[in-house]
Asker: 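Next up is a structure, given as structure tokens.
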Amino acid sequence: IRSSLVLADQPLVNNYPVIAPDGRSIVYSAAQPRGGLWLRRLDESAWRPLAGTEGANRPFWSPDSSQIAYFARGKLRSVHIASGVVKDIVAARDFFGGAWNSADVIIFGLQGNGGLQRVTIGDSVATPLTSVDSSEIAHRWPFFFPDGNRLLFTRRRTGVPQRGRRHQRRSSRAHRR
């Protein structure tokens with residue numbers, strides 16, 4: 001199957017478009033100056049901006065496709081698609097990827113050096129899930145398997161510019177195997 005999708009007439013995309021888990025919608029964050037998230041249901045032809053998401057970056061979906069999480073204004077935030085309600089999840093400087101499972105656990109990689117962070121929706125503090133060792137710089141770009149417990153992430157190593165390896169972990173464990 002081959003298909004194409006024309007993005008809204010907005011500034012350049014700040015990152016890649018992300019398809020919802022149910023396959024019915026797609027979202028992307030537009031670059032500045034207007035920025036923000038733009039949503040399109042795939043059974044419709046028009047894109048629409050999501051109010052309150054100005055400055056949004058690196059969006060990812062809730063597993064039921066009802067919400068989108070993103071980074072903006074020094075926080076990990078979410079927007080509910082139907083109601084438009086924007087909520088702060090946790091303070092976090094810019095991050096490198098996030099994943100959200102059906103238990104309302106979000107795993108994300110912080111900008112700069114360090115391991116993955118874990119936060120449950122409703123908590124106000126993220127806790128470390130992984131830690132880097134002396135051969136690593138950072139853990140980034142988590143992705144949950146369909147079971148919602150195991151995840152993959154990129155491990156960026158020292159001395160290897162902009163390359164990483166994918167590793168598997170459980171979302172509830174902070175130790176190495």
Side-chain angles (χ1 to χ4, degrees), residues 13-23 25-29 37 50 52-53 55-81 85-177:
V13 174
N14 208 8
N15 61 322
Y16 50 88
V18 184
I19 297 174
D22 67 8
S25 300
I26 190 167
V27 66
Y28 77 92
S29 63
L37 297 179
L50 295 177
T53 65
N57 198 7
R58 297 184 179 96
F60 57 97
W61 290 88
S62 65
D64 66 0
S65 303
S66 68
Q67 299 178 72
I68 301 167
Y70 59 94
F71 168 80
R73 301 180 186 150
K75 296 179 181 173
L76 177 60
R77 309 179 91 196
S78 68
V79 59
H80 191 275
I81 303 302
V85 172
V86 173
K87 292 183 180 179
D88 293 340
I89 298 171
V90 69
R93 60 188 189 272
D94 195 7
F95 63 92
F96 283 95
W100 190 338
N101 74 10
S102 60
D104 276 342
V105 171
I106 292 179
I107 309 294
F108 60 98
L110 294 173
Q111 181 182 30
N113 301 341
L116 296 174
Q117 300 289 304
R118 179 185 193 278
V119 65
T120 301
I121 301 295
D123 289 350
S124 59
V125 177
T127 58
L129 176 66
T130 64
S131 59
V132 296
D133 65 29
S134 61
S135 70
E136 302 172 320
I137 297 172
H139 297 163
R140 298 177 175 167
W141 307 112
F143 176 83
F144 276 110
F145 281 93
D147 68 11
N149 188 30
R150 294 175 300 139
L151 65 131
L152 288 176
F153 62 91
T154 300
R155 181 178 74 154
R156 186 155 176 233
R157 301 188 57 152
T158 57
V160 183
Q162 299 301 319
R163 291 174 55 187
R165 297 177 68 190
R166 299 295 276 182
H167 291 271
Q168 179 179 332
R169 292 283 186 271
R170 293 207 178 271
S171 64
S172 59
R173 295 192 182 142
H175 64 79
R176 292 188 170 281
R177 287 190 207 171

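Treat the numbers as computed from the prediction; the structure is a model and nothing was measured.
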Asker: Let me see the working for Ser78 and Ile89 under side-chain contact (heavy atoms from CB on, under 4.5 Å), right down to the final yes or no.
Answerer: CA-CA 7 Å; Ser78 68; Ile89 298 171; 3.8 Å; yes

Asker: Passes side-chain contact (heavy atoms from CB on, under 4.5 Å), Leu76 versus Phe71? Steps please.
Answerer: CA-CA 5 Å; Leu76 177 60; Phe71 168 80; 5.5 Å; no

Asker: First locate atom NZ of Lys87, then atom CD1 of Ile121, and finally report the distance between them rounded to the nearest 0.5 Å.
Answerer: 8.5 Å

Asker: Closest approach of Pro142 and Ile107, non-hydrogen atoms and distance?
Answerer: CG-O, 3.4 Å

Asker: Examine distances only and state if a side-chain atom of Trp100 and a backbone atom of Val105 form a donor-acceptor pair shorter than 3.5 Å.
Answerer: no

Asker: Looking only at non-hydrogen atoms, find the nearest pair between Pro21 and Pro63 and report the distance.
Answerer: CB-O, 3.6 Å

Asker: Let me confirm one number: the CG-CG distance from Leu151 to Leu129, rounded to the nearest 0.5 Å.
Answerer: 6.5 Å

Asker: If I take atom OG1 from residue Thr53 and atom CG from residue Leu37, how far apart are they, to the nearest 0.5 angstrom?
Answerer: 4.0 Å

Asker: Drop me the distance from Ser62's OG to Ile68's CD1, to the nearest 0.5 angstrom.
Answerer: 8.0 Å

Asker: Looking only at heavy atoms, what is the nearest atom pair of Pro17 and Tyr28, with distance?
Answerer: CA-CB, 3.9 Å

Asker: Enter the distance from Arg150:CZ to Phe144:CZ here, rounded to the nearest 0.5 Å.
Answerer: 11.5 Å

Asker: Is there a side-chain contact between His139 and Thr154 (heavy atoms, below 4.5 Å)?
Answerer: no

Asker: Which heavy atom in Ala20 sits nearest to a heavy atom in Ser65, and how many Å separate them?
Answerer: CB-OG, 3.6 Å

Asker: Start with the C-alpha gap between Tyr70 and Phe60, add the side-chain angles, then the distance that decides, and say whether side-chain contact (heavy atoms from CB on, under 4.5 Å) holds.
Answerer: CA-CA 6 Å; Tyr70 59 94; Phe60 57 97; over 6 Å; no

Asker: Looking at the rings of Trp141 and Phe96, which for Trp means the six-membered one, are their centres under 6.0 Å apart?
Answerer: yes

Asker: Would a distance-only check, ignoring hydrogens and angles, find a side-chain to backbone donor-acceptor pair under 3.5 Å from Asp147 to Asn149?
Answerer: yes

Asker: Quick check: does any side chain N or O of Asp123 sit under 3.5 Å from a backbone N or O of Val125, one acting as donor and the other as acceptor?
Answerer: no

Asker: Please report the shortest heavy-atom distance between Asp64 and Gln67, naming the atom on each side.
Answerer: OD1-N, 4.3 Å

Asker: Minimum heavy-atom separation for Arg140 to Leu110, with atom names?
Answerer: NE-O, 4.3 Å

Asker: Any chance you could lay out the side-chain contact (heavy atoms from CB on, under 4.5 Å) test for Arg58 and Ser29, step after step, and finish with the verdict?
Answerer: CA-CA 7 Å; Arg58 297 184 179 96; Ser29 63; over 6 Å; no

Asker: Could you tell me the separation between the OG atom of Ser135 and the CZ atom of Arg155, rounded to the nearest 0.5 Å?
Answerer: 5.5 Å

